Amino acid sequence: MRASKLFARTLREAPAEAEVASHQLLLRAAYIRKLMAGVYTWLPLGLRTLRRVEAIIREEMDASGAQELRMPIVLPAEPWKITGRWQTYGQEMFKLKDRHDRELGLGPTQEEVVTPLVAGEFGSYRDLPVNLYQIEWKYRDELRPRFGLLRGREFLMKDAYSFDRDVDGLRSSYRTMFEAYERVFGRCGLDYRIVEADPGSIGGDVNHEFMALAAVGEDLFVSCENGDYAADVEAAQASTPEPAPPGDREEMVEIFTPGRPGIQDVAELLGRPAPDLLKCMLYDAGGRTVAVLVPGDREVNQNKVARALWPAPVRLFDDADFAAHGFVKGYVGPQKMSEDALVLADRSVRGGANWVTGANRIDHHVTGANVERDFRVDRWEDVMRVNEGDSCPRCGGRLHIGRSIVVGHIYQLGTRYSKPLKATFVDEDGTEQPYQMGCYGIGLSRIVAAAAEQFNDEAGLRWPKALAPYDAVVIPTNMDQAAVVETAERLYGELAELDIDAVIDDREVTAGVKFADADLIGYPVQIVVGKRSLQSGTADLKVRSTGQRSHAPLAQAARAAVDLLAGAP
RNA sequence: CGGGACGUAGCGCAGUUUGGUAGCGCGCAGCGUUCGGGACGCUGAGGUCGCGGGUUCAAAUCCCGCCGUCCCGACCA
């Protein structure tokens with residue numbers, strides 16, 4: 001490729017809209033351009049990098065025995081209504097209507113398409129297992145698109161779906177994908193962690209996330225200092241404290257706490273630490289009132305509450321709910337909860353006694369509230385968000401919270417989709433069985449952003465060679481000297497013969513501009529030919545990722561570039 | 001959806017407070033000098049100042065409405 005023809009106009013300054021490094025650099029280096037919030041055009045350089053990610057994934061998926069297909073992006077609403085996701089995906093799904101007023105959606109993921117498809121084709125246990133995948137653009141009307149490609153409304157995703165006759169088969173298919181994912185992210189050169197995760201709106205049971213480490217990552221994960229536990233913060237657990245010893249139980253006393261609705265307010269007024277207070281959050285779970293109890297210094301993890309109450313849709317009480325049920329916001333306590341309400345306490349509440357909590361009366365709290373004597377707990381569950389420094393549920397070690405970008409997520413769905421969609425096969429004994437399904441996603445466009453986030457410096461992008469749009473760039477520094485241009489062209493030709501995908505920067509600009517652009521775009525190897533090097537009969541080489549510089553006789557320069565590339569990260 | 005900021009040439013910005021001929025840098029085009037880490041000089045093109053309405057002799061500037069973009073938040077009683 002000739003830089004003089006390449007559709008890539010680099011920017012000296014980052015557009016004001018870009019905040020994070022990956023977004024700024026991908027714009028500056030002419031990989032992407034924005035069309036609207038969360039939607040980007042992929043320029044030639046960006047598309048080449050995206051395709052390299054795609055090639056790696058396709059190779060590993062094919063090697064794992066999965067088969068590629070292509071499903072539609074425009075989808076009918078009906079199957080989505082059957083699985084309930086037309087509702088649960090809600091506003092996040094792009095919805096539209098055709099000219100006959102039929103409801104359609106743009107695919108955010110395709111369980112509702114692939115499941116009936118397989119049921120219609122592979123209806124016998126003899127056909128199983130089968131794993132189908134596609135690499136396709138996905139659409140999600142994100143609450144807040146941000147950070148360029150990191151959270152877009154249109155993004156490229158590899159989604160795979162496995163179908164097995166039983167749970168053992170599912171586990172085996174899952175294991176195969178797990179290992180394929182390790183190879184994919186390893187080959188992409190990413191620094192990543194595998195964590196236990198929350199299934200989110202996809203549903204299902206066992207699942208893992210593959211997280212690329214990044215300071216700007218939106219996803220928090222918990223890891224044990226001893227390395228035996230790692231989990232998404234939405235799913236993470238901490239070890240549960242010992243139950244409080246029986247013993248001194250204060251009387252429950254109502255106290256006057258005017259204008260002190262918050263935990264901090266009350267703690268300050270009474271001069272007691274927040275963990276002495278009992279936080280009582282009210283939720284509506286499909287019409288039923290649920291009181292969730294956690295210690296005052298803790299936060300409720302709503303995902304965990306939702307899982308505990310599955311399949312009821314869980315939402316926090318709003319002002320209307322408070323009014324309708326006669327609760328006073330800011331002064332809620334679990335005492336005298338009605339029979340039809342559910343009292344759900346985090347297990348850590350067992351570790352406390354003599355709680356300070358709301359008195360269910362404006363401007364009043366109580367002290368000395370105790371489980372059983374003063375309020376009942378219907379269920380003990382883990383519903384708490386893990387904090388930095390909590391104890392590891394495996395070994396008791398210290399838990400640390402880190403930031404990352406989720407680049408892959410794999411799920412054991414079981415029959416979550418096959419049952420409602422009545423997708424069944426005939427088993428060996430002649431009975432109809434729902435498929436045991438798994439689904440497996442990788443965000444390709446997000447990998448590009450995550451890699452840009454992990455591999456950059458002041459000068460620009462520093463791709464691992466597996467992801468760079470080209471392998472090398474040849475830079476003739478003196479375009480006015482025929483001998484320089486000739487030599488550079490010859491080198492460029494030699495590289496092609498050696499199967500190196502190179503760019504020759506034949507633009508009529510000064511050397512400084514070429515160097516700056518080469519660093520910005522992130523060609524793994526730079527080969528410089530100029531007046532100076534011609535005199536000494538050598539070419540100057542630089543490895544972008546390490547900054548390492550070297551020389552090679554002109555006759556061996558192409559060969560030297562190949563070797564440097566082979567040795568580069 | 002709530003809060004905040006912003007919207008002036010392809011990009012980065014000034015001008016808005018105090019209404020009066022729309023500017024700077026980069027980039028772009030032409031000519032010349034340069035030529036190994038974002039060169040220099042001269043000349044030039046490029047803007048319905050986000051959109052609509054209002055106030056005014058006069059609006060980028062003041063007022064109202066809308067749109068767009070970015071940031072923070074969107075469970076913590």
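Just so it is clear, the structure is predicted and the values come from calculations on it, not from any experiment. Quick note on labels: first sequence line is chain A, next is B, and so on, each numbered from 1.
Contact annotation: A:Arg146 does not reach the phosphate of B:C71 (side-chain N/O to OP1 or OP2, under 4.0 Å). Of the side-chain N and O atoms in A:Arg144, one or more sit less than 4.0 angstrom from OP1 or OP2 of B:C72.
Between the C1' atom of B:C1 and the CD atom of A:Gln91 lies a distance of 10 Å, rounded to the nearest Å. With rounding to whole Å, A:Glu142 atom CD is found 16 Å from B:A74 atom P. In this structure, the CG atom of A:Asn360 is 16 Å from the P atom of B:A77, given to the nearest Å. Atom P of nucleotide B:G68 and atom NZ of A:Lys34 are separated by 12 Å, given to the nearest angstrom. The nearest whole Å value for the distance from the CG atom in A:Leu541 to the P atom in B:G36 is 18 Å.
For the pair A:Asp519 and A:Gln264, both in contact range of RNA chain B, the more 5′-proximal nearest nucleotide belongs to A:Asp519. Comparing A:Thr10 and A:Leu282 by the nucleotide of RNA chain B whose heavy atom lies nearest to each, the residue mapping closer to the 5' end is A:Thr10.
Side chains of A:Tyr523 and A:Asp471: no donor on one and acceptor on the other come within 3.5 Å.
For the C1' atoms, the distance linking B:C63 with B:G30 amounts to 47 Å, nearest Å. Rounded to whole Å, the C1' atom of B:A59 lies 14 Å from the corresponding atom of B:U8. Between B:G15 and B:G23, the two C1' atoms lie 7 Å apart (nearest whole Å). Rounded to whole Å, the separation between the P atoms of B:A5 and B:U43 comes to 42 Å. The same atom, C1', is picked in B:C76 and in B:G4; the two are 23 Å apart, to the nearest Å. Nucleotides B:A45 and B:C57 are separated by 36 Å at their P atoms, to the nearest Å. Between the C1' atoms of B:C71 and B:C28, the separation comes to 32 Å (whole Å). The same atom, P, is picked in B:G36 and in B:U21; the two are 46 Å apart, to the nearest Å.
Checking each of A:Arg385, A:Arg298, A:Arg398 against A:Asp390 for a salt bridge (charged side-chain N to carboxylate O under 4.0 Å, His left out) leaves exactly one that passes, namely A:Arg298.
Side chain of A:Ala516, nearest nucleotide from B:G36, B:C70, B:G38: B:G38. With distances taken from any side-chain atom of A:Ala37 to the nucleotides B:C11, B:G36, B:U69, the minimum falls on B:U69. Among B:C76, B:G37, B:A77, the nucleotide with an atom closest to any side-chain atom of A:Lys329 is B:A77. The side chain of A:Leu316 approaches B:A77 more closely than any other nucleotide in the set B:A77, B:C71, B:G38. In the set B:C70, B:A77, B:G36, the nucleotide with an atom closest to the side chain of A:Phe515 is B:G36.
Within the 4.5 Å cutoff, the side chain of A:Ile362 has no heavy atoms near those of the A:Lys329 side chain.
Taking the centre and axis of the six-membered ring of A:Trp86, the NZ or CZ atom of A:Lys95 falls inside the cone set by 45° and 6.0 Å. Annotation: cation-pi pair A:Arg544/A:Trp463 absent, no NZ/CZ under 6.0 Å from the ring centroid and within 45° of its normal.
Evaluation of atom-type donor-acceptor distances gives no pair under 3.5 Å for the side chain of A:Thr510 against the base of B:G36.
Heavy atoms only, all atoms of each residue included: A:Asp501 and A:Arg48 are closest at OD2-NH2, 2.6 Å.
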